[in-house]
There are 2 protein chains.
Amino acid sequence: MSEEIHQAETVGADRDPVFSKCAQSADDATAGALPPALDRDQAPRNLAFLLSQVGIHASRRFAERLAEVDLQPPHFRVLNLVDAAEGRSQQEIAAAVQAPPSRMVAFVDELERRGLVERRADPRDRRVRALYLTAAGREALAQGREVARRHQEELTQGMSEAEQQQLTDLLRKVVDEQKIGAGVHPGFGSKDLSR
Amino acid sequence: MSEEIHQAETVGADRDPVFSKCAQSADDATAGALPPALDRDQAPRNLAFLLSQVGIHASRRFAERLAEVDLQPPHFRVLNLVDAAEGRSQQEIAAAVQAPPSRMVAFVDELERRGLVERRADPRDRRVRALYLTAAGREALAQGREVARRHQEELTQGMSEAEQQQLTDLLRKVVDEQKIGAGVHPGFGSKDLSR
DNA sequence: TATTGTTATACTCTATAACTATA
DNA sequence: TATAGTTATAGAGTATAACAATA
């Protein structure tokens, strides 16, 4: 996974006396679990680290919330894409999410099993399986989008409208500058972020 | 993993005629691989999606670069932490990176095999294995940090100093507000981000 | 001969739980 | 009895390559 810790500099002075005290103090089931020398309270000022840290947190949190409506991120993504372009072949959708065909099969299997998506024959080419949403699929998609709405609300807690706009603009600048495909999310698997 | 696509709205109008044209156009080995209906060029304005997208991109890119000096993110992280607090026990370090003891063993095994880290006996408790960097370990750590420096440089390409500061401040605000532990990076594995 | 969808398979990463040696 | 470290193991997620039907 990921970005790294450049916070090392501030640490390393104190040692065992402080540590043993801390390790046994009563009220630190969560926070105080780390010895103080490793539990720096100074937030890293490192931009790359922050981006990675916040991004992964956001992704993971979203996966958690999505699970509440029985969806995993890849499934939600496929639903979105099928909705965006109904009647496309499985592999067209797969290409759009950058998933190999074999993975797509598994996802569609699952979605079809749950009655959210339909595979229909394409009269013009009997090899392809055209994908369509069912009514239940639209319902699930709506639920997922509601989760996404709440997720974003949570994520922007404590930020003013202006700040949100600023952050959005800056991030979009990065996407642009780094030539990350506009709507393409790197990493398709759900495990990636929900671990 | 992850954030989701709310870009669906803009799509779905055109269909096969446009698509077949696009699929065959010559100069789109990369970009034009997607049918236009799925290849929206409008960047998403969704903040949660952007955070996840950029964060994962950053993490993955960092893992790639780190590989150039034969390090994986978890190894680099462990090196950083050992450097920050030499002489700590394996499990203390493990706790600091939120890794289960069994994973830590594997990482330290690898680092020791490569001569970057030493396990020493602790005279006060013969169960613990105190961790120390070797000279080679310090060298590797320095290389990793240099990679991190270049990585950040790449990531902030095209941004003014002021913009970088703005972005840093905003992200730090999110870390604070979301109660993500300051220096704690969610997700320890390297696979997460390099897939 | 190439392509769509499918299956089989192998590989990696991960956590859990059992085990040992010390305490 | 509890803890530091280790090992064994099983599960999830992933990609690759072989395959069948169709073009």
Minimum heavy-atom distance B:Leu71-B:Gly144, with the two atoms named | CD1-CA, 4.3 Å

If each of A:Pro100 and B:Pro101 is mapped to the nucleotide of DNA chain D with the nearest heavy atom, which maps nearer the 5' terminus, i.e. the 5' end?
-> B:Pro101

If a pair satisfies salt bridge (Lys or Arg N to Asp or Glu O under 4.0 Å) and one of its residues is in residues 159-170 of chain A, list it, with sequence neighbours excluded.
-> A:Glu163-B:Lys173

Measure from CD on A:Gln90 to C1' on D:dA21 and round the result to the nearest Å.
-> 15 Å

Interatomic distance, A:Glu92 CD vs C:dT3 C1' [rounded to whole Å] = 12 Å

Write down the distance between CG (B:Asp109) and P (D:dT6), rounded to a whole number of angstrom.
-> 6 Å

Phosphate-side-chain proximity, A:Arg126 and C:dG5, N/O vs OP1/OP2 below 4.0 Å = no

Along DNA chain C (nearest heavy atom to each residue), the more 5'-positioned of A:Ser102 and A:Asp125 | A:Asp125

Between D:dG5 atom C1' and B:Arg88 atom CZ, what is the distance in whole Å?
-> 18 Å

Round to a whole Å and report the spacing from CZ of B:Phe107 to P of C:dC13.
-> 8 Å

Taking atom P of D:dG5 as reference, at what distance in whole Å does atom CG of B:Leu131 sit?
-> 8 Å

For A:Gln91, which contact category applies under a 4.0 Å heavy-atom criterion: base, sugar-phosphate, or nothing?
-> base

To the nearest Å, how far apart are B:Met104 CE and C:dA15 C1'?
-> 16 Å

Parallel, tilted or perpendicular, as decided by the 30° and 60° cut-offs, for the rings of B:Phe107 and B:His75 = perpendicular

Can you check the B:Arg129 CZ to C:dT20 P distance for me, whole Å?
-> 17 Å

Pairwise distance CG(B:Leu111) to CE(B:Met104) - rounded to 0.5 angstrom = 8.0 Å

Could you tell me whether A:Val128 contacts a base, only the sugar-phosphate backbone, or nothing, with contacts defined as non-hydrogen atoms closer than 4.0 Å?
-> sugar-phosphate

Compare side-chain N and O positions of A:Arg127 against OP1 and OP2 of C:dT6 and report whether any pair is under 4.0 Å apart.
-> no

Has A:Arg119 got a side-chain N or O lying under 4.0 Å from the OP1 or OP2 atom of C:dT6?
-> yes

Residues B:Gly137 and B:Leu79: closest non-hydrogen pair is O-CD1, 4.4 Å

